[in-house]
Protein chains: 2
Amino acid sequence: MAQMNENYLKLPGNYLFSEIARRVNEFKNNNPEANIIRLGIGDVTRPLPQAVVEAMKKAVDEMGQPETFRGYGPEQGYDFLLEKIVEHDFTSRGINISQDEVFVSDGAKSDTANFQELFGTGNILAVTDPVYPVYVDSNVMAGRTGFIKENNQFDKIVYLPCTEENGMKPSLPTGKIDMIYLCFPNNPTGMTLTKEELKKWVDYAREHKSIILFDAAYEAFIQEEGVPHSIFEIEGAREVAVEFRSFSKTAGFTGTRCAYTIVPKDVKVFDTKGEAHSLNPLWLRRQTTKFNGVSYPVQAGAAAVFSTEGQQQVKENITYYMENAKIILNGLKNAGYKVFGGTNAPYIWLKTPDNMGSWEFFDKLMHEANVVGTPGAGFGANGEGYFRLTAFGTRKNTEKAVERIITKM
Amino acid sequence: MAQMNENYLKLPGNYLFSEIARRVNEFKNNNPEANIIRLGIGDVTRPLPQAVVEAMKKAVDEMGQPETFRGYGPEQGYDFLLEKIVEHDFTSRGINISQDEVFVSDGAKSDTANFQELFGTGNILAVTDPVYPVYVDSNVMAGRTGFIKENNQFDKIVYLPCTEENGMKPSLPTGKIDMIYLCFPNNPTGMTLTKEELKKWVDYAREHKSIILFDAAYEAFIQEEGVPHSIFEIEGAREVAVEFRSFSKTAGFTGTRCAYTIVPKDVKVFDTKGEAHSLNPLWLRRQTTKFNGVSYPVQAGAAAVFSTEGQQQVKENITYYMENAKIILNGLKNAGYKVFGGTNAPYIWLKTPDNMGSWEFFDKLMHEANVVGTPGAGFGANGEGYFRLTAFGTRKNTEKAVERIITKM
């Protein structure tokens, strides 16, 4: 008799964004005339940069000719892309990362969800709260947690609250943590850490031989000087950190799918005898066994992001979105909302008025202003009473949404 | 201290195809002038059908315009593709599969490797021997097996020998098996089962409440009548089977990446209380949490495979490859080799002469004939003494390879 993975039974209902989609569809069916503006799921609206479009079409043409056709590529990505990633994202910032420390994939969601497979099920993990749900859910599925408690937190996970009181910056854990998920610029709060603040985490990890799983999917949105774009800007991080990067938000790849993960050879995990094993060959083994690389035309498109034209086009998009962020941030501030983020990240994290519940605010906003956002409670217990808006809408919709929030709520 | 997943330590050396690539590269470095013909890794050589190329380029153009840009798609695939899959592959064969039983993914390798996550670690699994290594390795990594034994088989896995004696057709297990991996047309032997033979497996699974993980990646190569293209042609299979399909070999997508998995709602797994849970929503939960869908241009290309032009172009490619298969099969037969497969599958499984070891034959073939194949031992203990050649080369190379094998070996 085939037994199920009972860890799945610990998961509450739907994945957050599926639940939002469900509610929106229901609302649309009942109100077909409503002009809904979506500032919820964190999906971009600007098209692919033309440099990417041209490169992808060229690559597709190559796939149609026997002389230039490409079959299976290297699971970890083509050299032409790895080279550009290393040069542009690391060497240019004085960071020493080699090509075989870069693993191209179909998405940071896949990578952040799959990476936990390399760890024993007995590890204790810490996440910030609020947090991107994938870090938690993937570990629940793997059996690294206990059951969910009344406050919607899982037993055996250490939650690091990000609250108004600590300015959305988590404190170091007091106990010993083995796996630490950090995301900066943060999803959902939009807040960042300084180099000094991030260094404390690296030092903690070095002291406790823990691993930091660092999600840098939003680094391209950093506007201010002194905010680290990569955890590898911090001394010693090569020994304790893995970094997730993505083309999704940076270059409009949410529907095109390409990301990459940096696994320095210095990062070690331990077996029960205390012997050290490098994570890099373990991830290579995982990827070569369970993944077959990213579509060649997609990788060709991703490489074009690093061309001169590509960089300029990407910069224009980011400027556009960050202008949206400013419009939301200032609009809500002026209307008396308490807001976080939006300066170095495409997310604005607002406190709901009158201590309204997150889902209540979600429903009210959808019904009265026809604006869809993401309920903070979906990101964790400490997200209750908060709400996330994204800067990824069109300018017109962003302005209209802010106006509606101010006038109708 | 971060503990590793120690199951990784049970895995022997490299993933099979990485090891082959390593040996070939070494040989090429030492013999730069050698004209190597690769009939090894199972990679196709015919370019993408023009219908696919056109559809992908159109989709890329859409991604470059704000009005037609697509961001995140549904994790399980776009309706326009699901519809075509259901209609073409199932409805047209009188099989009842609904759209929400189809899950589009980036590859059958990912799906066959990931699907085991839905099962408890206590399940007993059976695989044929020889077998596609991903089924085994992914279960080793998940801790569903013991250690590797001297004969290269893992403890706790039940191996079902496919030998010359049983005509490469596995016998039903004698004990109770929970998860059964079957692949027909088979990789690596190229052999198929009749409907009556496959029905015995479905009946076994229904009797024991086990699940059949059926890999049908090569169904498009079936030439003879009466060979089932889908396990769902068998009565009762909807209750016990999951089927993996792929565009890789069918339509030249090895470097473009698209596949799909059928999870009927009737298939149930059980919790420790004996309560039944449908696999379909569990896989949906897995995919929505850990995967973000296949690139839109790739899905558009996959949908074009089902167009009239696409179908014709795909058929031409398959005819071409199966003609190659015939050339290899007949050439080797005439030269006195004992050969299997090649009639309804793009693989030819040959017995090495004089009981030569598989890797020994690999090295000899590479050094003396400059032909690369796949050592049977890489597929399991019962593959020792066998060797796999693929029909995916060009016509010229295929003919040359056969000639070289006959004259130089």
Side-chain angles (χ1 to χ4, degrees), chain A residues 1-6 8 11 15 18 41 43-44 47-48 50 53 56-57 60-61 63-66 69-73 106-107 109-110 113-114 117-120 122-123 134 137-138 178-179 209-211 254-257 269-272 277 282 285 288-292 295-298, chain B residues 1-6 8 11 15 18 41 43-44 47-48 50 53 56-57 60-61 63-66 69-73 106-107 109-110 113-114 117-120 122-123 134 137-138 178-179 209-211 254-257 269-272 277 282 285 288-292 295-298:
Chain A
M1 188 190 285
Q3 297 283 334
M4 73 180 296
N5 174 355
E6 291 194 281
Y8 274 68
L11 291 167
Y15 176 63
S18 312
I41 202 172
D43 198 358
V44 296
L48 284 183
Q50 280 308 307
V53 169
M56 287 186 74
K57 283 166 69 178
V60 171
D61 269 330
M63 296 296 264
Q65 300 300 326
F69 173 76
R70 294 185 188 228
Y72 292 120
D106 66 319
K109 186 179 175 188
S110 311
N114 291 334
E117 292 178 23
L118 302 186
F119 296 86
N123 284 292
V134 168
D137 290 0
S138 59
D178 308 306
M179 298 160 66
K209 295 186 174 168
S210 32
I211 305 288
T254 50
T256 302
R257 315 300 315 138
V269 280
F270 299 87
D271 63 25
T272 35
H277 298 262
L282 291 172
R285 190 57 152 98
T288 50
T289 303
K290 300 176 84 169
F291 180 63
N292 233 333
S295 185
Y296 167 63
V298 172
Chain B
M1 190 190 283
Q3 298 282 336
M4 75 182 294
N5 174 355
E6 291 195 280
Y8 274 68
L11 292 167
Y15 175 64
S18 312
I41 202 173
D43 199 358
V44 297
L48 283 184
Q50 281 308 307
V53 169
M56 285 186 75
K57 283 166 69 179
V60 170
D61 270 330
M63 295 296 264
Q65 299 300 325
F69 174 76
R70 294 184 189 229
Y72 291 122
D106 66 318
K109 186 180 177 189
S110 311
N114 292 333
E117 292 179 22
L118 303 187
F119 296 87
N123 286 292
V134 169
D137 291 359
S138 58
D178 307 306
M179 297 161 65
K209 295 187 175 168
S210 32
I211 306 288
T254 51
T256 302
R257 314 301 314 138
V269 279
F270 300 87
D271 63 25
T272 35
H277 298 262
L282 291 172
R285 189 58 152 97
T288 50
T289 303
K290 300 174 84 171
F291 181 61
N292 233 334
S295 184
Y296 167 63
V298 173

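The sequence lines fix the lettering, A, B, ..., with proteins before strands; numbering per chain opens at 1.
A donor-acceptor pair under 3.5 Å links the side-chain atoms of Lys109(A) to the main chain of Thr288(B), judged by distance alone.
If you tally non-hydrogen atom pairs under 4.5 Å between each of Pro66(A), Pro47(A), Gly107(A), Gly73(A) and chain B, the highest count goes to Pro47(A). Between chain B and the options Leu282(A), Ile211(A), Val298(A), Leu48(A), the largest number of non-hydrogen pairs under 4.5 Å is found for Leu48(A). Considering only heavy-atom pairs separated by less than 4.5 Å from chain B, the leading option among Ala113(A), Gly71(A), Gly120(A) is Gly71(A). When each of Met56(A), Gln50(A), Arg70(A), Lys57(A) is scored by its heavy-atom pairs under 4.5 Å with chain B, the top score falls to Lys57(A). In terms of heavy-atom pairs under 4.5 Å with chain B, the best-connected choice from Asp106(A), Val53(A), Asp61(A), Asp43(A) is Asp43(A). If you tally non-hydrogen atom pairs under 4.5 Å between each of Ser110(A), Gly122(A), Ser210(A), Ser138(A) and chain B, the highest count goes to Ser110(A).
Of the atoms belonging to Tyr8(A), it is side-chain heavy atoms, and not backbone ones, that fall under 4.5 Å from chain B. Heavy-atom distances place both the backbone and the side chain of Asn292(A) under 4.5 Å from chain B. Using a 4.5 Å cut-off between heavy atoms, Pro297(A) touches chain B through its side chain atoms alone.
The shortest heavy-atom contact between Thr289(A) and Val134(B) is O-CG2, 3.5 Å. Residue Thr254(B) comes nearest to Phe69(A) through the heavy atom pair OG1-CZ, 4.4 Å, listed as atom of the first residue, atom of the second, then distance.
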Test side chain to side chain contact (heavy atoms under 4.5 Å, CB included) applied to His277(A) and Glu6(B), step by step = CA-CA 10 Å; His277(A) 298 262; Glu6(B) 291 195 280; over 6 Å; no
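Applying the side chain to side chain contact (heavy atoms under 4.5 Å, CB included) criterion to Asn123(A), with sequence neighbours excluded, gives Phe119(A), Arg144(A), Asp178(A), Met179(A), Ala2(B), Gln3(B). Checked against salt bridge (Lys or Arg N to Asp or Glu O under 4.0 Å), Asp271(B) has no partners two or more places apart in sequence or in another chain.
The side-chain heavy atoms of Phe291(B) and Arg257(A), taken from C-beta on, include no pair separated by under 4.5 Å.
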